[in-house]
Amino acid sequence: MAGEKKPGKAGRTGPGSGDPQHAADDELERRRQRLEASLAARGRGEGDTGNAARSSGAVGYGQALRLSSEFIAGVAVGAGLGWFIDRLAGTSPWGLIVFLLLGFAAGVLNVMRSAGKIADAGARVPTPDRRED
């Protein structure tokens, strides 16, 4: 046991050691702990959760307004075309009825495309190239 080395004061690093690296490590540790505390506070609902809820609600209202306007535009264009064809051809209610129904179908299709429920008609799905060797 006589050859065993024991740590002395020369090998210790601590607050009073004057080591600049140790001081920088302590500062980084304090900053990390403050960051973790502030992130935990936001995660529990003490931060800007009110603003996040309001902004997600505004996004939802905007999307609802866009989808409803696309549907209404489809029906209005169909009704307008039907009325114009009735005036031009003299087929009083039939053009309006037919094109109103077509406008309704076009409005539903536009809403489904905008909502992402169905793919666009002109969009192609990329397929891997198959070459015959």
Side-chain angles (χ1 to χ4, degrees):
M1 290 220 175
E4 185 177 325
K5 292 185 179 181
K6 294 182 182 178
K9 289 188 177 183
R12 294 177 71 185
T13 57
S17 67
D19 185 14
Q21 180 63 30
H22 184 67
D25 289 344
D26 285 345
E27 177 62 25
L28 285 175
E29 183 63 26
R30 282 193 297 272
R31 289 173 63 191
R32 186 187 63 80
Q33 288 174 354
R34 281 193 310 238
L35 177 64
E36 284 179 353
S38 67
L39 288 175
R42 285 187 183 186
R44 285 180 290 180
E46 297 176 8
D48 294 331
T49 57
N51 290 338
R54 279 183 264 162
S55 67
S56 68
V59 169
Y61 286 132
Q63 186 176 12
L65 184 64
R66 187 188 75 198
L67 294 177
S68 64
S69 66
E70 287 186 15
F71 177 72
I72 291 170
V75 172
V77 167
L81 282 174
W83 178 80
F84 180 72
I85 288 175
D86 277 343
R87 288 290 188 189
L88 190 64
T91 58
S92 185
W94 297 109
L96 181 64
I97 292 171
V98 168
F99 278 93
L100 185 65
L101 291 174
L102 287 175
F104 179 81
V108 169
L109 186 64
N110 283 340
V111 167
M112 297 291 278
R113 279 188 194 144
S114 294
K117 298 298 180 185
I118 59 173
D120 289 336
R124 293 186 182 205
V125 178
T127 58
D129 291 337
R130 294 183 184 168
R131 296 181 183 170
E132 295 178 18
D133 291 335

Which of these, R32, R34, Q33, sits in a side chain to side chain donor-acceptor pair (under 3.5 Å) with E36? R32
Tell me the closest heavy-atom pair linking L100 and V75, and the distance in Å. CD1-CG1, 3.8 Å
Please report the interatomic distance CH2(W83) to CG(L88), rounded to the nearest 0.5 Å. 10.5 Å
Considering all heavy atoms, the nearest S114-L67 contact: CB-CD2, 3.5 Å
Please check if W94 and L102 belong to a single hydrophobic cluster, counting links between Ile, Leu, Val, Met, Phe, Trp and Tyr side chain heavy atoms closer than 4.5 Å. no
Is any side-chain heavy atom of L35 closer than 4.5 Å to a side-chain heavy atom of R31? no
Atom CE of M112 and atom CG of N110: how far apart are they, to the nearest 0.5 Å? 11.5 Å
Step through the shown structure and confirm whether more than 12 heavy atoms of other residues, nucleotides or ligands are within 6.0 Å of CZ on R87. no
Shortest non-hydrogen contact from V111 to F71? CG2-CB, 3.7 Å
Find the distance between CG (L101) and CG (L96) and round it off to the nearest 0.5 Å. 9.5 Å
Under a 4.5 Å side-chain heavy-atom rule over Ile, Leu, Val, Met, Phe, Trp and Tyr, are V98 and I85 clustered together? yes
State yes or no: do F99 and V77 share one hydrophobic cluster built from I, L, V, M, F, W and Y residues joined by side-chain heavy-atom distances below 4.5 Å, directly or via other members? yes
